[in-house]
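In this chain, residues are counted from 1 in sequence order.
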Amino acid sequence: MARPKVFGIGFHKTGTKSLAQALKALGYRVTGPNWTREPDIAETALNRALDLVPEFDAFQDNPWPLLFREMDTYFPGSKFILTTCPTDAWLDRAERYFGTGTTEMRRWIYGAGSPIGNLAQYAAVFEAHTAAVLDHFQNRPDDLLVFPLTEQPDWEPLCRHLGHTIPAGVPFPHANRSVPDSLGT
């Protein structure tokens, strides 16, 4: 029997790279972020995602958070992981990491390509996403792990959620050390 697909549906800068490394250490074939610079991403993300899912076991970073409902519908029995952090800390990371640079992906997500000058909008979208995920899975706690990875990197909740044993002697990955106080995008 094939193991369930795993979708990391936390926004970038919430530890998604660390999550990817942890999933790889557990034997998952991981992809993401995907298509972040595609000019037509808002129109093509779902079809691209549906074509890509059979090739991998786990998915993280963009566009996966935006597609969590669709992935839940198309791939029943999947496991979902919402990496989280406090909004202020997330805004600080996003602002430092992205600066004034813009992408179509961020325009699609936030309505503005850069967090600079748009922090309130970014915060509102970030918080609305968390609320939408929690609402969607409110009656299915076994399908969603809310994982404050940037604050508590630990194998135990991840392995319990996925039904794995904790890797002996392997520290939980800490990716993207270029962003202070972050466990990655």
Side-chain angles (χ1 to χ4, degrees), residues 2-38 41 45-46 48-72 74-75 77-86 89-90 92-94 96-98 101 103-106 108-109 126 129-130 133 137 143-185:
R3 64 181 165 188
K5 299 289 184 181
V6 177
F7 293 97
I9 57 173
F11 275 10
H12 40 228
K13 312 316 309 161
T14 62
T16 59
K17 283 185 183 172
S18 295
L19 176 61
Q21 288 183 2
L23 291 169
K24 287 177 184 176
L26 294 174
Y28 288 86
R29 296 170 301 149
V30 181
T31 188
N34 303 98
W35 319 297
T36 58
R37 302 221 180 262
E38 294 296 322
I41 191 60
L46 179 57
R48 288 174 184 232
L50 293 173
D51 288 344
L52 187 63
V53 168
E55 297 178 34
F56 293 91
D57 307 310
F59 311 84
Q60 57 83 37
D61 209 314
N62 290 321
W64 307 103
L66 298 171
L67 303 174
F68 74 90
R69 289 178 191 91
E70 293 86 346
M71 296 301 104
D72 191 28
Y74 283 101
F75 303 98
S78 293
K79 294 291 190 173
F80 293 83
I81 301 168
L82 176 66
T83 49
T84 63
C85 71
W90 176 78
D92 182 57
R93 290 181 188 118
R96 282 184 289 145
Y97 188 80
F98 297 122
T103 66
E104 288 305 311
M105 180 70 75
R106 289 197 305 275
W108 176 36
I109 297 169
F126 179 75
H129 173 71
T130 298
V133 169
F137 290 101
D143 294 341
L144 175 68
L145 169 64
V146 178
F147 199 12
L149 189 51
T150 60
E151 299 165 31
Q152 297 173 316
D154 186 6
W155 283 111
E156 193 281 325
L158 179 64
C159 290
R160 181 176 17 90
H161 182 64
L162 299 176
H164 284 273
T165 57
I166 296 173
V170 178
F172 197 90
H174 182 159
N176 202 2
R177 293 183 187 271
S178 65
V179 180
D181 301 318
S182 174
L183 284 174
T185 60

Review point. Out of curiosity, Leu145 CG to Thr84 OG1, how far, rounded to the nearest 0.5 Å?
Key: 9.0 Å

Check your understanding: Can you tell if the side chain of Lys79 reaches within under 4.5 Å of the side chain of His161, non-hydrogen atoms only?
Key -> yes

Exercise for review: To the nearest 0.5 angstrom, please state how far the CE atom of Met71 sits from the CG atom of Leu46.
Suggested key: 5.5 Å

Check your understanding: Side chains of Ile109 and Phe11: does their closest heavy-atom pair fall under 4.5 Å?
Key -> yes

Study note, to complete from the structure: Closest non-hydrogen contact found for Ala45 with Pro63 is CB-CB, 4.4 Å

Point to revise | For Pro167 against Trp155, the heavy-atom pair lying closest together | key: CD-CD2, 3.7 Å

Check your understanding: Between Asn62 and Trp108, do the side chains contain an N or O donor and an N or O acceptor separated by less than 3.5 Å?
Key -> no

Practice item. Evaluate the side-chain contact (heavy atoms from CB on, under 4.5 Å) criterion for residues Ile41 and Thr103: first the C-alpha distance (whole Å), next the side-chain angles of each, then the deciding distance (0.1 Å), finally the verdict. Key: CA-CA 10 Å; Ile41 191 60; Thr103 66; over 6 Å; no

Check your understanding: Which heavy-atom pair separates Pro54 from Asp51 by the least distance, and what is that distance?
Key -> CD-O, 3.4 Å

Review point. What class does the angle between the rings of Trp90 and Phe126 fall in, given that below 30° is parallel, 30 to 60° is tilted and above 60° is perpendicular?
Key: parallel

Point to revise | Rounded distance [0.5 Å steps], CZ in Phe7 versus CG in Leu144 | key: 13.5 Å

**Study point:** OG on Ser18 to CG on Leu158, rounded to 0.5 Å
**Key:** 11.5 Å

Practice item. With the side chain counted from C-beta on, respond yes when Cys85 and Arg93 share a heavy-atom pair under 4.5 Å apart, and no when they do not. Key: yes

Practice item. Answer yes or no for Arg29 and Phe59: cation-pi contact, defined as NZ/CZ to six-membered ring centre under 6.0 Å and angle to ring axis within 45°. Key: no

Check your understanding: Do Leu52 and Trp35 have side chains that get closer than 4.5 Å, going by heavy atoms?
Key -> yes

Review point. Do Glu70 and Tyr74 have side chains that get closer than 4.5 Å, going by heavy atoms?
Key: yes

Study note, to complete from the structure: The complete set of salt bridge (charged side-chain N to carboxylate O under 4.0 Å, His left out) pairs with one or both residues in residues 152-166, sequence neighbours excluded, reads Glu156-Arg160

Practice item. Please check if the side chain of Arg48 supplies one atom and the backbone of Asn34 the other of a donor-acceptor pair under 3.5 Å. Key: no

Exercise for review: Heavy atoms only: give me the nearest Thr36-Met105 pair and the separation to one decimal.
Suggested key: O-CB, 3.4 Å

Review point. Would a distance-only check, ignoring hydrogens and angles, find a side-chain to backbone donor-acceptor pair under 3.5 Å from His129 to Ile9?
Key: yes

Practice item. Please examine the side chains of Leu26 and Cys159, heavy atoms only from C-beta on, and report whether any two atoms are closer than 4.5 Å. Key: yes

Review point. Heavy-atom distance under 4.5 Å between the side chains of Thr83 and Ile81, does that happen here?
Key: yes

Practice item. Please confirm whether Phe137 and Phe80 have ring centers closer than 6.0 angstrom. Key: yes

Review point. For the ring pair His12 and Tyr97, is the centre-to-centre distance below 6.0 Å?
Key: no

Practice item. Quick one: do Arg69 and Asp72 satisfy side-chain contact (heavy atoms from CB on, under 4.5 Å)? Show the steps, please. Key: CA-CA 5 Å; Arg69 289 178 191 91; Asp72 191 28; 5.7 Å; no

Exercise for review: Step by step, work out the side-chain contact (heavy atoms from CB on, under 4.5 Å) result for Tyr28 and Val6.
Suggested key: CA-CA 9 Å; Tyr28 288 86; Val6 177; 3.6 Å; yes

Review point. Would a distance-only check, ignoring hydrogens and angles, find a side-chain to backbone donor-acceptor pair under 3.5 Å from Gln60 to Gly8?
Key: no

Exercise for review: Find the distance between CG (Leu149) and CG (Leu82) and round it off to the nearest 0.5 Å.
Suggested key: 11.0 Å

Exercise for review: Kindly compute the distance separating OG1 (Thr150) from NE2 (His174), expressed to the nearest 0.5 Å.
Suggested key: 9.5 Å

Check your understanding: Are the side chain of Lys5 and the backbone N or O of Val53 linked by a donor-acceptor pair below 3.5 Å?
Key -> yes

